[in-house]
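When a ligand or atom number is given, it counts from 1 through the structure's own listing order. Residue numbers run from 1 in the order of the sequence given. All values below come from the heavy atoms of this structure, side chains included, with hydrogens, waters and symmetry mates left out.
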Amino acid sequence: MRSYDILIIGGGPAGSTLAYGLKGSGLKIGIMDKQPFPRQKICAGWVTPEVMRVLNVDLEDYAKGRVLQKISGFKIGMLGQKQVESSYSGESVSYGIRRIEFDDYLLQRCAAELILERPFKKMEKIDHGWLVNGEYQAKLVIGAGGHYCPVARAIDSKGISELAVVAQEAEFEMNAEQKQACTIKEEVPELFFTPDLMGYGWVFRKGDYLNIGLGREDKSKLSSHVKDFCAYLEAKGKIPEGVSVKYNGHAYLLYNHAVREMVADNVLLIGDSAGLAYPQSGEGIRPAVESAMLAADVIRDCVGDYSKANLQAYNDMMQQRFGKRLPKPDMMERLPMLLKRVFASQLMKTHWFTKNIVTDKWFLQSHQSRLPAIKNN
Ligand SMILES: Cc1cc2nc3c(=O)[nH]c(=O)nc-3n(C[C@H](O)[C@H](O)[C@H](O)COP(=O)(O)OP(=O)(O)OC[C@H]3O[C@@H](n4cnc5c(N)ncnc54)[C@H](O)[C@@H]3O)c2cc1C
């Protein structure tokens, strides 16, 4: 039997950030993940500079042997319409990373005890904590297992019926011929909103890698939407012809549509496990990292008593940071769909809307205050 103060289930950015944030706290921390690392994660791999700043990532060091694609603009439009480019004159307003590299980098530096290739199976309540898989005792169990996190399910079964974004994506290394045929600029990813406003597709070139994907808050016929999107990109001469790659699927919850409980006695959820992605962009890495940082503060303040009442402070901090959750449609959502589609199709043709609203507000969260960078000693 092994004992921990904190047992984190999931070694993605949420789990590793929490362990990193608690480094030097004197707490014994384990991270359990069902996969070996480095591991693939279905993701476009777009991160905002805030993520790198709050995590204290030394960009020069990170770029040694890893992909770190600078992004200085976005090309945005509705599928089938003319695109509009927002440029930031060479400033790096985002980065492209590969999750297989990024997640491993964060996990290896966090100094927690790693329990890899071990799936979480069950947890049973014991005095002052939980017994996980009949083998590991923990005073606090952290659900950081992503959208399908088994800890989230163990404390709250409502999650199963939530409205999730479902997405498919493929990332592959282009050969010399494909690199020549690909007209996507490395520093300018392209986004294509679907005319029914249910989601968007992207094509993102990161060094020699090309990442293509599409996500929708509607799971019907996703594969055929992805197929049509790729055919569109090919017809427009954006991606090489006849690319034969396997598209893999995953899902995530948008913060304002998620209804998951985030704390229970001796349990706390962070990252996708709690359903935190930004509503318009689907960015999930920054909320995963920020939720872990807020959780680290709350855990320190608990001084060993992880009752639900003590962990409630995390709920309050999350609400302060990300706003109130709105499981019911807000005013904009209640507008007739036809009206919204007509407006959106016109607005997406304008430079003002694509730059100030889509890029600055929705994607770069320029209005959001900055958290202090992580302290880890
Ligand atoms: C197609 C797609 C594209 C996306 N693109 C972007 C993007 O470009 N930028 C962005 O910011 N966000 C993006 N996201 C969202 C982003 O991927 C997530 O928000 C982010 O990975 C959340 O991090 P996390 O640590 O909470 O979970 P994850 O990164 O999902 O990590 C969870 C970990 O838990 C482990 N785990 C799961 N179940 C178990 C179990 N039973 N036992 C043990 N371990 C388990 C998994 O192996 C995994 O390592 C995208 C999502 C999708 C689906």
| message | Parallel, tilted or perpendicular, judged at 30° and 60°: which one describes the rings of Trp46 and Phe74? | response | perpendicular

| said: Students should find this: residues with any non-hydrogen atom under 4.0 Å from ligand 1. What is the answer? | reply: Ile9, Gly10, Gly11, Gly12, Pro13, Ala14, Met32, Asp33, Lys34, Gln35, Phe37, Arg39, Lys41, Ile42, Cys43, Ala44, Gly45, Trp46, Arg99, Arg118, Pro119, Phe120, Ala144, Gly145, Gly146, Pro150, Ala167, Glu169, Trp202, His250, Tyr252, Gly271, Asp272, Gly282, Glu283, Gly284, Ile285, Ala288

| task | Among residues two or more places apart or on two chains, list those pairs meeting ring-ring contact (aromatic ring centres under 6.0 Å, His included) that have a residue in residues 100-127. | result | Tyr62-Tyr105

| Can we say Arg2 and Glu113 salt-bridge, meaning some charged N sits less than 4.0 Å from an Asp/Glu carboxylate O? | yes

With a cut-off of 3.5 Å and sequence neighbours excluded, list every side-chain donor-acceptor pair involving residues 25-33.
unit_1 : atom_1 : unit_2 : atom_2 : d
Ser25  : OG     : Leu22  : O      : 2.6
Ser25  : OG     : Leu27  : N      : 3.2
Lys28  : NZ     : Ser3   : O      : 3.2
Asp33  : OD1    : Gln35  : N      : 2.9
Asp33  : OD2    : Gly11  : N      : 2.7

| said: Leu233 and side-chain contact (heavy atoms from CB on, under 4.5 Å): which single residue from Thr183, Val243, Ile184, Ile212 fits? | reply: Ile212

Below 3.5 Å, can you tabulate the donor-acceptor pairs from side chains in residues 264-278 to any protein atom, sequence neighbours excluded?
unit_1 : atom_1 : unit_2 : atom_2 : d
Asp265 : OD1    : Lys308 : N      : 2.6
Asn266 : OD1    : Lys125 : NZ     : 3.3
Asn266 : ND2    : Lys139 : O      : 2.9
Ser273 : OG     : Gly143 : O      : 3.4

